[in-house]
Amino acid sequence: MHEGSRSEFDLIGRFFADLGAPRSDVLLGVGDDCALLEVPVGLSLAVSIDTLVAGIHFFHDCAAEAIGHKSLAVGLSDLAAMGAAPAWATLALTLPERDDDWLAAFARGFGDLARAYGVRLVGGDTTRGPLSVTVQVHGVVRADTAVRRKGARPGDIVWVSGTLGDAGLALRLMREGGPIDQALRARLERPAPRVELGSALRGIATAMIDLSDGLAGDLGHILAASGVGAELDLEALPLSPAVASRIASEGDWLLPLSSGDDYELCFCAPSEHTGLIASMADGLGCALTAVGRIHAEPGLSLKGLDGAPMRLSSAGYDHFANNT
Ligand code: ADP
Ligand code: MG
């Protein structure tokens with residue numbers, strides 16, 4: 001940062017040198033030119049990176065603790081979607097100024113989630129500029145058991161975890177500036193990555209993705225990668241009471257189908273695993289709902305409440321959609 005390296009090292013030492021769960025596979029963590037990490041023999045590294053920018057991915061007045069939580073949660077969600085076990089994270093933080101209260105709260109949000117999943121912060125970079133947070137997560141998985149987007153087969157059931165559209169509804173209500181239920185707001189600001197579910201689905205799911213941009217678009221990625229199509233049954237979509245009542249009053253199916261930030265998992269599995277998957281839900285503490293079926297013919301079709309086909313006017317959120 002601009003004040004010179006002493007204050008930068010002091011900041012790193014105070015807030016980031018000892019964050020997350022201690023791990024014996026961290027041979028060298030924060031403080032040197034590189035971290036040294038031991039990948040277990042026979043496993044592969046699963047790596048993913050995400051950036052959250054103030055004013056784009058979170059409101060400028062969003063609580064620092066929530067930003068810390070979410071910046072790690074979105075990466076853990078990617079690891080979950082591969083069936084990988086989280087291990088390490090690095091953090092590139094760009095801050096407009098040093099604010100120790102903000103940093104302490106950010107580190108608390110990041111650190112609490114990191115410890116919950118046994119993740120150690122092993123390095124990063126700290127710079128001055130408009131607020132932006134980039135987190136790279138590293139997990140481990142046996143490559144031949146990692147669950148990819150490719151692999152869905154005709155006849156597979158399409159499943160989703162949790163409920164859909166809550167984060168999108170929270171975003172909408174916050175933009176409108178009206179009152180918002182705290183639990184609904186937490187669905188946007190403090191998403192729970194489905195790490196245990198992702199791991200449990202290795203060997204069961206044929207294809208999987210985490211829902212960051214809405215079910216229609218994200219399932220579309222599975223379909224494209226797998227060379228198949230699917231029919232979604234709108235009546236089956238798992239909805240919270242808040243989203244269900246918004247749909248009842250405004251008929252807005254885009255909320256569960258193409259609003260972002262749910263960080264639930266969408267996966268496909270052969271129908272013979274239906275009983276097994278249904279029985280997994282209790283132990284995992286999140287609902288698992290069959291919402292459709294894979295078929296050979298490419299494309300995504302929607303079955304409406306009356307059983308008739310429906311059309312979706314726009315797909316999932318796309319950052320560059322209007323920048324032609
Ligand atoms: P270098 O100049 O070699 O890139 P830095 O001065 O950027 O080193 O960082 C010093 C040490 O602090 C490195 O080990 C780096 O990984 C770590 N570090 C810097 N910023 C952060 C951060 N925000 N979170 C965690 N570790 C950090
Ligand atoms: Mg650096």
Side-chain angles (χ1 to χ4, degrees), residues 77 80-83 147-169 194 197-198 200-201 203-240 243-244 246-248 251-281 284 286-317:
S77 179
M82 296 299 287
V147 189
R148 305 182 181 197
R149 296 177 179 187
K150 175 182 174 162
R153 291 182 298 242
D156 282 357
I157 306 293
V158 180
W159 295 81
V160 294
S161 64
T163 55
L164 303 178
D166 297 318
L169 177 56
R194 302 299 189 189
L197 173 62
L201 287 168
I204 297 172
T206 53
M208 181 151 60
I209 192 168
D210 69 317
L211 297 179
S212 53
D213 299 326
L215 177 61
D218 288 329
L219 175 58
H221 295 312
I222 286 185
L223 302 182
S226 303
V228 295
E231 181 179 66
L232 279 181
D233 183 359
L234 292 198
E235 186 150 42
L237 297 185
L239 306 175
S240 65
V243 169
R246 185 93 173 194
I247 292 174
D252 187 359
W253 285 99
L254 288 179
L255 215 42
L257 287 172
S258 67
S259 65
D261 271 0
D262 277 329
Y263 297 105
E264 296 295 346
L265 294 179
C266 171
F267 59 95
C268 304
S271 58
E272 67 252 31
H273 290 322
T274 295
L276 175 63
I277 292 167
S279 73
M280 286 166 53
L284 293 164
C286 73
L288 297 176
T289 309
V291 295
R293 194 179 272 272
I294 299 292
H295 48 58
E297 186 195 330
L300 179 63
S301 56
L302 303 174
K303 191 168 86 178
L305 297 190
D306 53 3
M310 247 182 72
R311 197 178 264 278
L312 191 63
S313 49
S314 90
Y317 184 60

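Here the structure is a predicted model, which is why all the values come from computation and not from measurement.
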If you round to the nearest 0.5 Å, how far is CG of L255 from CG of L215?
12.5 Å
For the pair R293 (side chain) and G155 (backbone), establish whether a donor and an acceptor sit closer than 3.5 Å, ignoring hydrogens and angles.
yes
Where the side chain of D210 meets the backbone of Y263, is there a donor-acceptor pair that is under 3.5 Å apart?
no
All heavy atoms of V147 vs all of A207, minimum pair found to be CG1-C, 3.7 Å
Can you give me the closest heavy-atom contact between P256 and V243, atom names plus distance?
CD-CG1, 4.5 Å
State the CD1-OG distance between I294 and S271, to the nearest 0.5 angstrom.
12.0 Å
With no hydrogens and no angle check, is any side-chain donor or acceptor of T206 less than 3.5 Å from a backbone partner on C268?
yes
What are the two closest heavy atoms between I204 and H273, and how far apart are they?
O-CD2, 3.7 Å
Tell me the closest heavy-atom pair linking A230 and L219, and the distance in Å.
CB-CD2, 4.3 Å
Quick one, L223 with V228, criterion side-chain contact (heavy atoms from CB on, under 4.5 Å). Give me CA distance, side-chain angles, the key distance, then yes/no.
CA-CA 5 Å; L223 302 182; V228 295; 3.9 Å; yes
Are the side chains of L237 and W253 in contact, using a 4.5 Å heavy-atom criterion?
yes
Does D218 use its side chain to pair, donor to acceptor, with the backbone of S212 at less than 3.5 Å?
yes
Tell me whether S161 contacts the main-chain N or O of E264 through its side chain, where contact means a donor paired with an acceptor under 3.5 Å.
no
Atom of V158, atom of C266 and distance for their closest heavy-atom approach:
CG1-SG, 3.9 Å
Looking at every heavy atom in both G165 and S259, which two are closest together, and how far apart are they?
CA-OG, 3.8 Å
Nearest 0.5 Å please: distance from the CD atom of E231 over to the CG atom of L300.
9.0 Å
Should we say atom CD of E272 is surrounded by more than 12 heavy atoms from elsewhere, each under 6.0 Å from it?
yes
Report yes or no: does S226 contribute a side-chain atom to a donor-acceptor pair with the main-chain N or O of R149 at less than 3.5 Å?
yes
Contact check, side chains of L234 and L257, non-hydrogen atoms, under 4.5 Å:
yes
Within the 4.5 Å heavy-atom criterion, are L201 and W159 side-chain neighbours or not?
no
What's the spacing between L164 CG and S258 OG if we round to 0.5 Å?
11.0 Å
Could you grab the distance from atom CG of L197 to atom CG of L288, nearest 0.5 Å is fine?
5.5 Å
For the CG atom of L265 and the CG atom of L211, what is their distance to the nearest 0.5 Å?
7.5 Å
